[in-house]
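Here is the structure we will look at.
Quick note: numbers below take in every heavy atom, side chains included, and nothing from hydrogens, waters or symmetry partners. Order of the sequence lines fixes the chain letters, A, B, ..., with proteins taken first and strands second; residue numbering starts at 1 for each chain. Keep in mind that this is a model prediction, so the values were computed, not measured.
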2 protein chains.
Amino acid sequence: MLIRSLEIFRAVVDSGSFSAAADRLHTVQSNVTAHIKKLETELGARLLERRNPVVATPAGRQLLHYARRIVELHDDALSRFQPGGEPLGELRLGSMETSAAVHLPPLLTDFSQRWPQLSVHLHTGTTGELIEEVRTGQLDAAFVVAENAGDDLALRPVFHERLVLVSGRPLKSFPGRAELARTPFLAFRPGCGYRTTIEVLLADMKVAAPRIHEFGSLDAIVGCVGAGMGLALLPASTVRQYRRRFDLHTLALPGDRGKVTTVIATLQRPSWSRALEVFMEGVPSPDRAETPIRDAG
Amino acid sequence: MLIRSLEIFRAVVDSGSFSAAADRLHTVQSNVTAHIKKLETELGARLLERRNPVVATPAGRQLLHYARRIVELHDDALSRFQPGGEPLGELRLGSMETSAAVHLPPLLTDFSQRWPQLSVHLHTGTTGELIEEVRTGQLDAAFVVAENAGDDLALRPVFHERLVLVSGRPLKSFPGRAELARTPFLAFRPGCGYRTTIEVLLADMKVAAPRIHEFGSLDAIVGCVGAGMGLALLPASTVRQYRRRFDLHTLALPGDRGKVTTVIATLQRPSWSRALEVFMEGVPSPDRAETPIRDAG
DNA sequence: CTTAAAAAATCATTTCTAGTGATACCAGTG
DNA sequence: CACTGGTATCACTAGAAATGATTTTTTAAG
């Protein structure tokens with residue numbers, strides 16, 4: 001069994017396809033097939049279901065567990081011998097689209113310059129999906145909105161955010177219950193931390209049957225809100241970014257309602273890879289003072 | 001970096017020589033040299049000092065840490081896919097010579113039949129040496145006489161023993177202080193659990209300047225005691241084994257003096273290899289009732 | 001049911017490289 | 001000094017990883 005085979009195996013499972021894995025590892029698809037096949041005959045078990053996407057069999061999941069740990073140890077070992085002990089390998093991050101658009105770019109730019117030997121993979125998804133991917137080891141860390149996620153995960157605050165009500169038309173005062181019942185909300189699919197906030201908010205205001213449209217992308221939401229389709233609840237910083245492209249109007253939520261904290265979810269520390277270790281060192285602590293909000297009309 | 005290279009590297013460090021490692025791994029010395037050389041150029045650091053015995057450089061020790069873990073994970077992964085989930089790889093045990101001669105043979109015979117895919121390495125040494133080798137990961141487990149060994153190690157009782165005074169001539173009653181001061185004791189080098197017992201015993205009896213001869217092997221000790229060179233303090237079960245070959249006379253120690261408990265020292269459980277896991281399952285609990293002693297004259 | 005597109009398997013070929021055995025080299029030791 | 005017990009070097013071979021072209025299979029759409 002070669003480390004290389006395990007690396008390829010992991011890439012196939014993570015990317016869901018033989019050819020995608022081949023691209024990521026800068027080799028050819030037939031080579032990926034050969035490695036997987038060799039593993040399968042060596043272990044005497046089918047490891048992958050050739051579907052679309054490719055999925056690990058029960059036996060495959062068992063191997064995956066070892067593959068991840070071995071490949072990670074291998075990367076860490078190599079890291080130790082790089083000039084300056086530079087970490088090496090890949091860092092697999094997850095993030096909600098909102099964080100991805102606003103907070104992550106500076107962080108990741110800085111990070112990838114500081115550690116040129118690390119390749120960063122960023123995957124977006126909802127809080128629920130990401131947490132699960134961290135738990136299974138598919139991701140090293142994920143930026144999510146959550147307050148607790150079980151004992152096996154560690155959550156570290158990174159950004160304090162303020163959610164604001166976003167509309168395509170000027171907002172004079174906070175809409176009443178009746179108006180909220182009429183106006184649709186545009187949000188991500190269930191499992192997104194922000195969406196949860198919307199639902200809680202509407203429930204608290206006793207809005208009977210709120211209409212919530214589900215969109216798969218942040219751009220779509222912002223575009224449609226700008227076009228007057230409805231309201232959205234988004235981080236102030238995100239909205240600010242879109243101001244140049246769309247005519248957006250925001251209104252702070254009453255009281256502390258809008259306060260959310262983005263955290264980094266990881267497995268408990270002892271199992272961190274060198275890559276994750278240095279990443280976490282480089283992540284700044286959240287400013288106590290919140291980002292000031294201009295309630296532009 | 002190949003798992004195979006790490007396996008070879010580990011074997012060289014553990015065996016202290018390129019050629020010995022080659023033998024153990026059923027390959028040739030030039031191949032060992034090639035693998036080590038490749039690792040060294042790949043990592044850009046000298047890993048081994050070519051002395052006699054070969055010893056790891058600081059860089060080598062760093063790699064060793066990873067090598068051990070990766071090879072162990074590899075073996076465990078393969079184990080999962082063996083028919084019946086049989087563990088596979090090697091189990092590295094340490095033991096004092098006395099245990100090795102008496103208690104281990106049945107245990108190991110049984111074990112090696114039960115798990116035909118595991119190769120057992122048994123290395124003898126003193127309690128102190130063995131404990132240290134378990135701590136550094138050179139051994140998976142060691143049979144020693146100790147009561148505590150630090151938080152990082154786990155100790156599990158396996159045999160209750162009784163040390164007896166052994167002589168080449170009939171012993172009527174327990175020798176007095178004066179006689180003990182005249183008669184030399186034959187013992188292992190410092191660090192052996194039994195030797196410690198002798199020293200404590202003599203100190204308690206206020207024997208002024210006891211003469212203790214150091215011998216490197218159990219056979220030598222027993223042989224010389226049989227020839228009347230002096231006294232020894234050995235487990236009753238060990239002496240029993242030698243009765244056929246030598247004319248030995250034993251006497252129990254007064255009170256509870258002679259009671260010793262052999263324990264298995266391992267690292268704390270979470271880091272056990274599959275091989276160690278099944279070994280520990282198969283080790284019987286110590287009989288509460290002690291092995292009966294015939295005080296043959 | 002048919003078809004087109006995407007993905008995985010197969011295959012012939014090339015390029016490396018792990019493993020081998022013979023030999024050269026380099027201590028220490030009597 | 002030669003001898004012993006080790007490591008390095010070398011030429012060679014068998015086997016395997018990687019490649020690119022091609023065929024087969026799967027999936028989704030018409």
Side-chain angles (χ1 to χ4, degrees), chain A residues 1-57 59-61 63-64 67 70-71 74-75 77-78 216, chain B residues 1-57 59-60 63-64 67 70-71 74-75 78 89 119 216:
Chain A
M1 189 189 297
L2 299 180
I3 295 181
R4 174 70 172 162
S5 303
L6 297 176
E7 188 184 3
I8 289 177
F9 176 67
R10 184 184 73 160
V12 171
V13 176
D14 286 357
S15 70
S17 125
F18 281 47
S19 16
D23 288 348
R24 271 190 33 183
L25 298 179
H26 307 109
T27 181
V28 295
Q29 170 260 323
S30 60
N31 191 28
V32 172
T33 299
H35 271 278
I36 300 297
K37 204 170 173 186
K38 186 152 189 234
L39 278 178
E40 289 184 325
T41 59
E42 186 177 354
L43 299 178
R46 172 150 272 237
L47 299 172
L48 297 171
E49 288 293 348
R50 273 69 161 181
R51 302 231 196 81
N52 201 348
V54 172
V55 59
T57 63
R61 284 196 295 278
L63 181 65
L64 188 59
I70 289 176
V71 172
H74 173 246
D75 287 346
L78 287 186
Chain B
M1 191 190 295
L2 300 180
I3 295 180
R4 175 69 172 162
S5 302
L6 297 176
E7 187 184 1
I8 288 178
F9 175 68
R10 184 183 74 160
V12 170
V13 176
D14 286 357
S15 70
S17 127
F18 282 46
S19 14
D23 288 349
R24 269 189 37 180
L25 299 179
H26 308 108
T27 180
V28 295
Q29 170 260 323
S30 63
N31 191 27
V32 172
T33 300
H35 271 278
I36 300 296
K37 203 170 173 187
K38 187 154 189 230
L39 278 178
E40 289 184 325
T41 60
E42 185 177 353
L43 299 178
R46 175 150 270 240
L47 299 172
L48 297 171
E49 289 292 347
R50 273 67 163 183
R51 303 228 200 83
N52 202 345
V54 172
V55 57
T57 63
L63 181 65
L64 187 59
I70 289 176
V71 172
H74 173 245
D75 286 347
L78 287 187
S119 74

statement: Here the distance between atom P of C/dA18 and atom CE of A/Met1, to the nearest Å, is 18 Å
statement: Those residues at least two apart in sequence (or on a different chain) that pass salt bridge (charged side-chain N to carboxylate O under 4.0 Å, His left out) with A/Arg50 are A/Glu40
- prompt: Should B/Leu48 and B/Val55 be marked as a side-chain contact (heavy atoms from CB on, under 4.5 Å) after you check the CA-CA gap, both sets of side-chain angles, and the distance that decides it?
  reply: CA-CA 6 Å; B/Leu48 297 171; B/Val55 57; over 6 Å; no
statement: The contact string for nucleotides 24-30 of chain C, one letter per nucleotide 5' to 3', using protein heavy atoms under 4.0 Å with B, S and - for base, sugar-phosphate only and none, comes out as -------
For A/Ile3, side-chain contact (heavy atoms from CB on, under 4.5 Å) partners two or more places apart: A/Ile70, A/His74, B/Ile3
- request: Answer yes or no: does a side-chain N or O of B/Lys37 lie under 4.0 Å from OP1 or OP2 of D/dT7?
  value: no
query: How far apart are the closest heavy atoms of A/Val54 and A/Ser17, and which atoms are they?
result: CG2-CA, 4.0 Å
Compile the donor-acceptor pairs under 3.5 Å between side chains in residues 5-12 of chain B and protein atoms, sequence neighbours left out, one pair per line.
from, atom 1, to, atom 2, distance (Å)
B/Ser5, OG, B/His35, ND1, 2.8
B/Arg10, NH2, B/Glu90, OE2, 3.2

- request: Under the salt bridge (charged side-chain N to carboxylate O under 4.0 Å, His left out) rule, collect the residues that match up with A/Asp75, sequence neighbours excluded.
  value: none
task: Under the side-chain contact (heavy atoms from CB on, under 4.5 Å) rule, collect the residues that match up with B/Ala59, sequence neighbours excluded.
output: A/Phe81, B/Ala45, B/Leu47, B/Thr57
Show each protein N/O and nucleotides 16-20 of chain D N/O combination with a separation under 3.5 Å, one pair to a line.
from, atom 1, to, atom 2, distance (Å)
D/dA17, OP1, A/Lys38, NZ, 3.0
D/dA18, OP2, A/Asn31, OD1, 3.1
D/dA18, OP2, A/Asn31, ND2, 2.9
D/dA18, OP2, A/His35, NE2, 2.4
D/dA18, O5', A/Asn31, ND2, 3.3
D/dT19, OP2, A/Thr27, OG1, 2.6
D/dG20, O6, A/Ser30, OG, 2.9

query: To the nearest 0.5 Å, what is the distance between CG (B/Leu25) and OG (B/Ser15)?
result: 8.0 Å
task: Name every residue in residues 14-21 of chain A that has at least one heavy atom under 4.0 Å from any atom of DNA chain C, in order of residue number, or write none if there are no such residues.
output: A/Ser17, A/Phe18, A/Ser19
statement: The correct set of residues in residues 40-51 of chain A placing a heavy atom under 4.0 Å from DNA chain D is none
message: Among residues at least two apart in sequence or on other chains, which ones pass salt bridge (charged side-chain N to carboxylate O under 4.0 Å, His left out) with A/Arg61?
response: none
- prompt: Counting only distance, no hydrogens or angles, is the base of C/dA7 paired donor-acceptor with the side chain of A/Gln29 under 3.5 Å?
  reply: no
message: Determine whether A/Leu2 and B/Leu2 satisfy the following criterion, side-chain contact (heavy atoms from CB on, under 4.5 Å), listing intermediate values before the conclusion.
response: CA-CA 6 Å; A/Leu2 299 180; B/Leu2 300 180; 3.9 Å; yes
statement: So NZ of A/Lys37 and OG1 of A/Thr41: to nearest 0.5 Å the spacing works out to 8.5 Å
query: So how far off straight is the helix from C/dC1-D/dG30 to C/dG30-D/dC1, going by the axes through five pairs at either end, to 10°?
result: 30°
message: Going by the rule side-chain contact (heavy atoms from CB on, under 4.5 Å), which residues pair with B/Ser30 if we only count those two or more places apart in sequence or in a different chain?
response: B/Val28
- prompt: How would you label the contact of A/Val54 with the nucleic acid (heavy atoms, under 4.0 Å): base, sugar-phosphate, or nothing?
  reply: sugar-phosphate
